[in-house]
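Per chain, numbering begins at 1; letters A, B, ... match sequence-line order.
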Amino acid sequence: MQRSDNTSTHRIIIHIDFDYFFAQCEEIKRPEIKDKPVVVCIYSGRTKESGVVSTCNYIARKYGVKSGISIKIAKAKLAQVSQAVFLPSDIKHYSEKSDNAMTLIRDFLDNYSLSATSSIVFQPIKCVKFEYIGLDECFVEVTEKADFDFAKAKELANNLKKQIRKETGLTCSMGIAPNKLIAKIASDLQKPDGMTIVEPDEAKNFISKCNVDKIPGIGPKTTAKLLEMGIRTGGELSAFGLFRLIDAFGKKYATYLYKSGQGIDNEPVKSRGSAKQIGRIITLKRDISQTTSEIDGELEYICKSVYKMALDQNVIFRNIGILLILNNLDNITRSKSLKTHSRDFHELYSSVKSILNETLNNYPNIKVRRLGIKLSDLKDNEGQNTMLNFINNNIINTKTK
DNA sequence: GAACAGAAAAC
DNA sequence: CCTCCTTTCTGTTC
């Protein structure tokens, strides 16, 4: 598939997805739970058991436990299983584990030489592109590393998999394909510890048989809408025709859908830029309707927590917003821009308070269940004022015990 | 073109 | 009766 002028006719992209990540981290940390159902929970703090399942291992999945269901229901499903393990999520630990694995992936690829060529010239090609998606997920492009050859990419991927397993204990699932769209769908097909390869000439056929809800960017709403239009698969999606899709979805999204249905995706694997917004959301102990001193503590807590994130990432902010999730699960967002970028905690805190007050006054009848704040329009803090950061950080740390 | 709100998606 | 974090897009208004 390589042309004589040395330009490629295709890319080779691997999507790497660590299996049942949070729960697997816990299994590695304490091997004695490995053959029991393991459920990692996010406790909301509202009542003792309120919250949802974040991730669970495959043993727990056999009993119908899965991400997103309430802890209460998960416990009911595992009621007969005396050995079931419920753990609070330890994001810090998972982040470290993720960092290690991601670093390992980069290093491995930077130094990787195919056995066939390495004995002749040892010259690692530093041409691997890496894209971080989330704690448990990334893309890498290995087109040149694998010499445009999917068989070589498969060998590389298997070596990488072994290495990840050896160094971190983690298993992962991989999809190897000519673009990110198909690589991502493919990695999900054989789990856990699986590998699925879709070569360029299979791409169109592969996607034509996929259900539309497997396509990234198509969620529940769009799936339902497509179903009403009689579209269930990628093939039916592109057969529907670009123009009629535009009528239903607008030009931009329709074009994405139409191309996806044919397995076409030219998005490059690119390293992630800095965050565009940072935020935090909490569940209140009790629903509130008016501003009451009852939530002062919580308000201060999330403001500090988000402010600390800004300090950690060394950014200053101009836009400050709140998010209210009501007892009926409707959301309201309100935000305001400051005159200039700020790095001042009290400006943040008083802005949040005034936006919140104003909003609650405008909706006297709502019941707020969860409260979030976010900072956006972020800017790099130019590096200076490190001392001031230090002092601010200390204020935050000492105030929040 | 900026500012803001909301929807949708994915994690 | 149910978490949390972030991105991107769209529509509206000024």
Counting any heavy atom closer than 4.0 Å, what does [X] reach on the DNA or RNA strands: base, sugar-phosphate only, or nothing?
| X | answer |
| --- | --- |
| A/Thr283 | sugar-phosphate |
| A/Lys252 | sugar-phosphate |
| A/Ile322 | nothing |
| A/Ile332 | sugar-phosphate |
| A/Asn319 | sugar-phosphate |
| A/Arg334 | sugar-phosphate |
| A/Thr222 | sugar-phosphate |
| A/Leu329 | base |
| A/Ser337 | sugar-phosphate |
| A/Arg272 | nothing |
| A/Ile218 | sugar-phosphate |

In this structure, how many angstroms lie between the [atom2] atom of [N] and the [atom1] atom of [X], rounded?
| X | N | atom1 | atom2 | result |
| --- | --- | --- | --- | --- |
| A/Tyr20 | B/dC11 | OH | P | 19 Å |
| A/Leu257 | B/dA9 | CG | P | 10 Å |
| A/Gln277 | B/dG6 | CD | C1' | 13 Å |
| A/Ile71 | C/dC2 | CD1 | C1' | 10 Å |

Residue pairs involving residues 74-84 of chain A (criterion side-chain hydrogen bond (donor to acceptor under 3.5 Å, both in side chains); sequence neighbours excluded): A/Glu49-A/Lys75
Once rounded to the nearest 0.5 Å, what's the spacing between atom CG of A/Asn159 and atom NZ of A/Lys154? 12.0 Å
Approximate separation, where rounding is to 0.5 Å, of A/Ile366 CD1 and A/Asp330 CG: 10.0 Å
Taking only side-chain N and O atoms of [X], does any of them lie within less than 4.0 angstrom of OP1 or OP2 on [N]?
| X | N | value |
| --- | --- | --- |
| A/Arg370 | C/dC2 | no |
| A/Ser335 | B/dA5 | yes |
| A/Thr333 | B/dG6 | yes |
| A/Lys336 | B/dC4 | no |

Please figure out whether A/Thr223 or A/Asp377 has its closest DNA chain B nucleotide nearer the 5' end. A/Asp377
Mind checking the P distance from B/dA8 to C/dC4? Whole angstroms is fine. 22 Å
Would A/Lys97 pass as a cation-pi partner of A/Phe22, given that its NZ or CZ must be under 6.0 Å from the six-membered ring centre and within 45 degrees of the axis? no
Within 45 degrees of the ring normal and closer than 6.0 Å to the centroid, is that where the cationic atom of A/Arg106 sits relative to A/Phe130? yes
Assign each of A/Glu49 and A/Arg280 to its nearest nucleotide of DNA chain C by heavy atoms, then name whichever residue's nucleotide is nearer the 5' end. A/Glu49
On DNA chain C, does the nearest nucleotide to A/Gly279 precede the nearest nucleotide to A/Gly250 from the 5' side, or the other way round? Give the residue. A/Gly279
Checking contacts here: which listed nucleotide ([options]) is nearest the side-chain heavy atoms of [X]?
| X | options | result |
| --- | --- | --- |
| A/Pro216 | B/dG6, C/dC4, B/dA10 | B/dA10 |
| A/Tyr363 | C/dT3, B/dA10, B/dG6 | B/dG6 |
| A/Glu137 | B/dA5, C/dT7, B/dC11 | B/dC11 |

Report, as yes or no, whether the 6.0 Å neighbourhood of atom NZ on A/Lys34 holds more than 12 heavy atoms from other residues, nucleotides or ligands. no
